[in-house]
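The structure appears right after this line, and notes come after that.
FYI, side chains are in, hydrogens and waters are out, and symmetry mates aren't considered; it's all heavy atoms of this structure.
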Amino acid sequence: MGWRCILLLAIMCCMSGLSGQNTLLHSLDASALPDTARIDRINDYAYTLVKAKPDSADSYAQVAIARSLAAGGYAKGLVNAHMLLGILNKDRGYYGISVENYLKALKLAEGAGDSLRVSGCLNNLGSVYYEQGNYRKALSYFQRSLAIENKIGKDKGQASIRLVNLGDTYYKLDSLDKAAAFYYNSLMIEEELKNEDGMFYARLGIGRVDTRKGNLGNARAELDRAIDYARRLQNHPGICETQIALGELLLSQQQWAPAKLMLDSALTKAREFHFQGLEVQALGSLYKVLKGQNELAAANAVLEKFYALREKLNSATVNSRIGELQTRYQLEKKEQEIALFQERERVQETKMANDRKLRNFLLFSVLVTILLIIYNNYRARRADDAS
């Protein structure tokens, strides 16, 4: 009986989610909005669910893709939906699927000449390489994205996101002063914009740097602020990541029991929402806590899980798939450039041929005119001689 109740509740929850989705879609379909505007609304709503309800966000993104294709390949709708799927799959640790979606979005954005979304795709590709530990490559993508944002100069918030990502990367590369500079620059922008989501990421970064530098009082204050923001925003990966950072802070103070509680809570959340990249981080820190407590058997068990999951996320197959996707994208891009060059050459040749025809026509017209003038003059003289 108990299992039947649980199953019934699960079905009801699923039906409730589908009902909510259908209500929104029916409402949009009943509106007088054009198809493209409806697709934009679906994507916009999906983005609000990325951190709080990732599975629902995924469903809306799939709907947006289907409708964009039905609307004749609506580029903006496809780009936004594929970017969203890239974010969701990156958070879940499905890096190959994430890169595939980002590259689809990048190709479409480049084809549409949409610099803002090109920047977004480059930034998001950098985030995948960051998750894989390929920090030098991540750095390159973040820098390229920031350069586009600075050139456009329209959205300080987007530039701030790149600053945090650069800070995260330099933190991993042990360049703590550089990391801190990027975090504080981001925090200044986010405070000016009064954007708590941005302030969360900046303060999380500052807290982690201060932990590594030994400024533990300031680190605790920044991380406490960060987790308050994350909870208020229902940012589940943010809560999980801050719990890991707090666990590492307690670990640095050799407060084994509180550190273990914090990391256990982070692991629970990571597994609940399938945040496998964060699960790897939590396992790595938990191993150090258990080792510090001299619980060697438990520590080794956690370490085995850590290596198994890290291998799964960064396996040779996954890396090969990502490399294959990148190579295919570069080849397709080169083929497009060659095709565009050939088309320009063809247009130029056609223009030159038309110019030659026009020039020859004009020369012929001038010659005919001169001959007519000569002929008319000749006839006029003959007429004068006859009279």
Side-chain angles (χ1 to χ4, degrees), residues 6 50-55 90-93 130-131 133 164 167-168 171-172 174 176 179 183 196-197 199-313:
I6 292 170
V50 167
K51 302 300 182 184
K53 296 181 179 179
D55 290 343
K90 187 264 292 181
D91 286 347
R92 293 164 176 160
Y130 173 87
E131 292 293 338
V164 165
D168 288 345
Y171 172 81
K172 290 292 188 180
D174 293 325
L176 298 183
Y183 289 138
E196 287 193 349
D197 190 47
M199 285 187 267
F200 158 72
Y201 286 106
R203 291 196 183 281
L204 171 61
I206 293 167
R208 293 167 70 187
V209 167
D210 280 336
T211 297
R212 290 271 292 276
K213 285 186 169 186
N215 304 327
L216 303 185
N218 192 60
R220 184 66 197 229
E222 293 292 348
L223 293 175
D224 284 343
R225 288 180 182 177
I227 204 163
D228 284 344
Y229 288 140
R231 284 171 177 156
R232 193 155 53 241
L233 296 163
Q234 290 188 297
N235 182 343
H236 293 299
I239 294 168
C240 183
E241 194 169 2
T242 312
Q243 286 176 328
I244 295 169
L246 284 164
E248 291 170 349
L249 171 60
L250 293 164
L251 171 61
S252 72
Q253 296 171 309
Q254 297 188 355
Q255 295 186 38
W256 311 118
K260 185 176 183 302
L261 283 172
M262 191 65 71
L263 292 167
D264 281 340
S265 178
L267 266 176
T268 299
K269 186 166 284 291
R271 287 165 177 164
E272 178 187 355
F273 290 95
H274 311 292
F275 302 143
Q276 294 185 90
L278 292 173
E279 186 178 348
V280 169
Q281 290 182 41
L283 287 169
S285 297
L286 183 58
Y287 162 73
K288 294 175 186 176
V289 170
L290 292 169
K291 190 178 177 184
Q293 289 178 308
N294 207 30
E295 296 180 21
L296 300 183
N300 286 333
V302 166
L303 191 61
E304 285 181 13
K305 291 178 182 177
F306 168 82
Y307 282 124
L309 185 54
R310 191 174 70 171
E311 175 61 25
K312 174 189 170 185
L313 297 180

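For the pair Thr268 and Ser265, the minimum side-chain heavy-atom distance is 4.5 Å or more. Contact of the Asn294 side chain with the Leu296 side chain is registered, since non-hydrogen atoms from C-beta on lie closer than 4.5 Å. In this structure, the side chains of Ser252 and Leu216 come closer than 4.5 Å at one or more pairs of heavy atoms.
Closest approach of Ala257 to Gln293, counting heavy atoms only: N-NE2, 3.9 Å. Taking each heavy atom of Leu223 and Thr211 in turn, the nearest pair found is CD1-OG1, 4.4 Å. Of all the heavy atoms in Ala202 and Tyr183, the pair that sits closest is CB-O, 3.7 Å. Among all heavy-atom pairs drawn from Pro237 and Lys51, the shortest one is CG-CD, 3.4 Å. In this structure, Cys240 and Ala270 approach most closely via the heavy-atom pair SG-CB, 3.8 Å. Summarising the geometry of Gly93 relative to Leu313, their closest heavy-atom pair is O-CD2, 3.3 Å, with the distance given to 0.1 Å.
Gln243 places no side-chain N or O within donor-acceptor distance of the main-chain N or O of Met262, the cut-off being under 3.5 Å. At least one donor-acceptor pair closer than 3.5 Å links the side chain of Thr242 to the backbone N or O of Gly238.
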Going through the distances and angles, do Val209 and Glu222 end up as a side chain to side chain contact (heavy atoms under 4.5 Å, CB included)? CA-CA 10 Å; Val209 167; Glu222 293 292 348; over 6 Å; no
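Here the CD1 atom belonging to Ile206 is positioned 8.0 Å from the CG atom belonging to Asn218, to the nearest 0.5 angstrom. In this structure, CG on Leu283 lies 11.0 Å from CD on Gln276, to the nearest 0.5 angstrom. The CG atom of Leu246 sits 12.0 Å away from the CD1 atom of Ile239 when rounded to the nearest 0.5 Å. Summarising the geometry, atom CE belonging to Met199 is positioned 9.5 Å from atom CG belonging to Leu233; distances are rounded to the nearest 0.5 Å. Atoms CD and OH, from Glu241 and Tyr201 in turn, are 7.0 Å apart once rounded to the nearest 0.5 Å. Here CD1 of Ile244 is found 7.0 Å from CD of Glu248. Values are rounded to the nearest 0.5 Å.
Looking at Leu251, Leu303, Val302 one by one, the single match for side-chain contact (heavy atoms from CB on, under 4.5 Å) with Lys288 turns out to be Leu251. The only option from Lys269, Arg310, Arg271 that meets the side chain to side chain donor-acceptor pair (under 3.5 Å) definition with Glu279 turns out to be Arg271. When Arg232, Arg231, Arg225 are each tested for a salt bridge (Lys or Arg N to Asp or Glu O under 4.0 Å) with Glu196, only one passes: Arg232.
Environment of NZ in Lys260: sparse, with no more than 12 heavy atoms of neighbouring residues, nucleotides or ligands closer than 6.0 Å. Counting non-hydrogen atoms of other residues, nucleotides and ligands closer than 6.0 Å to CD of Gln234 gives a total of 12 or fewer.
Ion pair Asp210/Arg203 not flagged as a salt bridge, since none of the NZ, NE, NH1 or NH2 atoms sits closer than 4.0 Å to an Asp/Glu carboxylate oxygen. Here Lys172 does not pair with Asp168 in a salt bridge; the nearest charged N to carboxylate O distance is not below 4.0 Å.
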